[in-house]
Number of protein chains: 2
Amino acid sequence: MGKRARTTPTRQTTINDIARAAGVSKATVSRVLNSVETVNEDLAERVRRVITDLGYTPSQTARSLSLGVSRTVGVVVPDLGNPMFHQVLNGFNRAAANDGYHVVVADSFEDPERESVLAQDLRDRTDAVALFSPRMTRAALLELLPRIAPVAVFNRTTGKNAGSVRIDYHAGTIMIARHLIELGHRRIVFLAGPADARSNWEREKGLVEIRQAQPDADIIDVACGYSFEDGYRAWPAVRDTGATAVIAFNDVVALGLLGRLAEEKVSVPDDLSVAGFDDIPFSRYSSPSLTTMTARLADIGEQIWVVLRSEMTAEPLREPIMFSPGLAVRGSTKELS
Amino acid sequence: MGKRARTTPTRQTTINDIARAAGVSKATVSRVLNSVETVNEDLAERVRRVITDLGYTPSQTARSLSLGVSRTVGVVVPDLGNPMFHQVLNGFNRAAANDGYHVVVADSFEDPERESVLAQDLRDRTDAVALFSPRMTRAALLELLPRIAPVAVFNRTTGKNAGSVRIDYHAGTIMIARHLIELGHRRIVFLAGPADARSNWEREKGLVEIRQAQPDADIIDVACGYSFEDGYRAWPAVRDTGATAVIAFNDVVALGLLGRLAEEKVSVPDDLSVAGFDDIPFSRYSSPSLTTMTARLADIGEQIWVVLRSEMTAEPLREPIMFSPGLAVRGSTKELS
DNA sequence: GTGAAAGCGCTAACAC
DNA sequence: GTGTTAGCGCTTTCAC
C-alpha cells in the first residue's frame, strides 16, 4: 500500500473526475472527448455538460504518451535574430499550424556543438525536427540524422539520409554577378559571410565560375560577416578596393552598408551599386530599395513543413528540393556611368 | 490477458531495455539518468555504458507526465510577421533557454477568437503561457487568465489577475510629439494603427493630452494600419493634410512611408519629418535613419520571462511592470525651416 | 544501495 | 453501447 511516486496531483481536474461526476467510466469520457460515434447521445450530452461545468481540458502530455504522438515538432535555428529565419519560420509555422501541429523553436546561437544536443532534446519531446542551416560538420550531421528521424534539413545536403530543402545560392550568386557585369561593372566586391558557413561557400563557388567566364571582370573577396554591424563596418575596406559595385553576403549586411554609405555621402546607385541575398521584407523599403536575390522565404518554410510531414510517413520523399532564386532588380544597382 | 491499448511501441529503446541489458532495475537506470548520488559507482558505470552503446535518450513526454512538469512554456503571438514580436520573442526565448526551458509559439493571425483556444491548448501541453499583446476583449481576457494560470501578459493590463509587462506607449507618444513640437512643427499627422488595438488607443490618449497642452499644434489623425504596405499607401492622405511631420503607428509603417517618400522625391527630413515607435533593428539603418520611440524589445522579452517564471512559483510578482520608453533622435526628424 | 510496484492522465482492446 | 483494464515510459516511495 501507499506506494506512490508523487503525492501532489498535477492537474486540478482529470478525466477521472469527469467520469465520477458524470457517473460513467473514463473510457466513455474519452470516447466523448474524441467524438467516437457509438456513444449514447444522452450519456454523451451528460458528459459534455460536466466537462464544461468543471472547465475540464485534457492533459496533452498524458494524451501524447498514450498515443505515442504529440502533434508537435521542433526546429533548431542557428540565429533567431536573423530576419531571414523569421520569414522561413513564419511560413513553416503557418503550414504546420494548418495541419494541427505545434512548433517549438530552439536557438543554437551559432554554436555547432549545441545543435546536436538541442535537436536530440527536441526530438525526445516531439514527433520530428527540422534543422535550419545547421552549422555542424557534415560528419556530425550524418551521425545525427538517423538518431533523430523523422527529420528535415534546410540549406544543407543530406545525401538522402533525410528530406532536404535548399536555396540555390550558387545560381543566385551567378545571377547577381551577371546582372552587375551587364550593367558594365568590372570591379566588384563580394562581402563574404562566415567562412565556415555552407551557404557562403556556395556563393564563393558561383563567383569562381563567373571569374572564369568573365576574365575581364575583377571580383574581389572582402571578409565581412552576416550582421548589420558587419556591413556597416565594411565600408573602408570596400572603398580601398576602388570597386564600383558590391555584392553583400545577405540583405542584412547590404542594408548595414547602405546605412553607412548614406552617412558617408556616397550615393547609391550613382557612386556605387549594391546587391544582397534573401529579399527580406525591409530590402524593398530601404532607400534606395535593394536589388537582391529573391527566395520566397515563407514558401520555403512551407515546403520544409511539407518535407518534414512526409518524413513522418512510411515513404518519405527524400529527393532534395532546390529552390531556384530569382533576381529582384531594384533601386540600388545601376548602369556604370 | 492481451488487454493492451497500443501494440506498436513508440520508441525503439526505453528505460526497460537499458535495465534489462545492464541487468539492473529501471529504478536504478532512472537514478543514474538523474545523477542520484547513492548509486554504486560500478553499477552506474555499467548503466552508462549500456546507455551510450544503445544510444538511448529518455522520452521527455513520459518524464513530463511522471514529473508533472515539462519545462516548456507557450507563447501566443498575434502576428509572427511583425519584427517587433520577433525581437521580444527572441529575448524571451533566450532567457527561457537560459533557465532550461523550451518555448512553443502559436500565431493567432490577429484573430481574437483563436487566442483563447490556442492559449488553452498550449497550456494543456506546457507549464505556463505568455500572451503577447492579446487582441481579445478585456472580458474574455479576465475570463481566460485564471483558467490558464500560470500566465503572463505583455502589453495589456490584467488587474493583478496575472503578471504583466507593458510598454508605456502613452508616455512614448508624448515624447515624440513634444520632440516634433520643439523642432517647430505645428501641423503633425498621426498615422493611426488598428482601431481596436489597445496600444493604438494608448497612443491616441497621449495625443489628446498634447492637444490640450499645446493648443497651437494641430495633430491630425489619419487612419492607416500596422504594415509596410499601410505606410507606403498612406502618402496621398498625408500630403493632403499639408503636415510637416508624421508620427507613424510603428517603425514598420514609418519605413513603408519612407520608401514611398523616396520614390516621390520627397526629402526626409528636409520636406517632412517622420518618427516611429519600437526601434526595430532596421530603423537604425534606413536612409535616413529613423527617429523613434525606443523600447529595448529584447530586454522586455527577457522581463516577460522573469514575470512568467515568477508566476510559476508560490508567490508571483503581480505588480505590473511598465517599461518607460526612450527617444532615439535620428536622421528622419529635423527643425522646421 | 537496490528492486518492486504504484502512479502520472490518458487511449483502446477486449469482454459483457 | 459501456466498463474493465493494460499499457504508454518514466519517477519515486517503500521495503529489504
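Note on naming: letters A, B, ... go to the chains in the order of the sequence lines (proteins, then strands), and numbering restarts at 1 for each one. The basis for the numbers below is simple: all heavy atoms, side chains too, and nothing from hydrogens, waters or symmetry mates.
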Among residues 27-36 of chain A, which residues get a heavy atom nearer than 4.0 Å to DNA chain C? A27(A), S30(A), R31(A), N34(A)

Between [atom2] on [N] and [atom1] on [X], what's the gap in Å once rounded to a whole number?
{"X": "N40(B)", "N": "dG3(C)", "atom1": "CG", "atom2": "C1'", "value": "14 Å"}
{"X": "D17(B)", "N": "dG9(D)", "atom1": "CG", "atom2": "P", "value": "9 Å"}
{"X": "N16(A)", "N": "dT11(C)", "atom1": "CG", "atom2": "C1'", "value": "13 Å"}
{"X": "I51(B)", "N": "dC10(D)", "atom1": "CD1", "atom2": "P", "value": "10 Å"}
{"X": "E45(B)", "N": "dG1(C)", "atom1": "CD", "atom2": "P", "value": "18 Å"}
{"X": "Q60(B)", "N": "dG9(D)", "atom1": "CD", "atom2": "P", "value": "14 Å"}

For [X] and [Y], indicate whether the former's side chain and the latter's backbone hold a donor-acceptor pair under 3.5 Å.
{"X": "S59(B)", "Y": "T61(B)", "value": "yes"}
{"X": "R166(A)", "Y": "N155(A)", "value": "no"}
{"X": "R125(A)", "Y": "S70(B)", "value": "yes"}
{"X": "H102(A)", "Y": "L122(B)", "value": "no"}
{"X": "N161(B)", "Y": "P146(B)", "value": "no"}
{"X": "R138(B)", "Y": "T157(B)", "value": "yes"}

From [options], pick the nucleotide closest to the side chain of [X]?
{"X": "L65(A)", "options": "dT11(D), dG9(D), dT2(D)", "answer": "dG9(D)"}
{"X": "L67(B)", "options": "dT11(C), dG3(C), dT12(D)", "answer": "dT12(D)"}
{"X": "L43(A)", "options": "dT11(C), dC10(D), dT2(D)", "answer": "dT2(D)"}
{"X": "A62(A)", "options": "dG9(D), dG1(D), dC10(C)", "answer": "dC10(C)"}
{"X": "S66(B)", "options": "dC8(D), dG9(D), dA6(D)", "answer": "dG9(D)"}

Is [X] close enough to [N] that one of its side-chain N or O atoms is under 4.0 Å from OP1 or OP2 there?
{"X": "R11(A)", "N": "dC8(C)", "value": "no"}
{"X": "R63(A)", "N": "dT11(C)", "value": "yes"}
{"X": "Y56(B)", "N": "dC10(D)", "value": "yes"}

For L80(B) and F109(B), what are the C-alpha separation, side-chain angles and deciding distance, and is it a side chain to side chain contact (heavy atoms under 4.5 Å, CB included)? CA-CA 8 Å; L80(B) 256 183; F109(B) 298 107; over 6 Å; no

Whichever of I15(B) and K26(A) has its nearest DNA chain D nucleotide further upstream toward 5': K26(A)

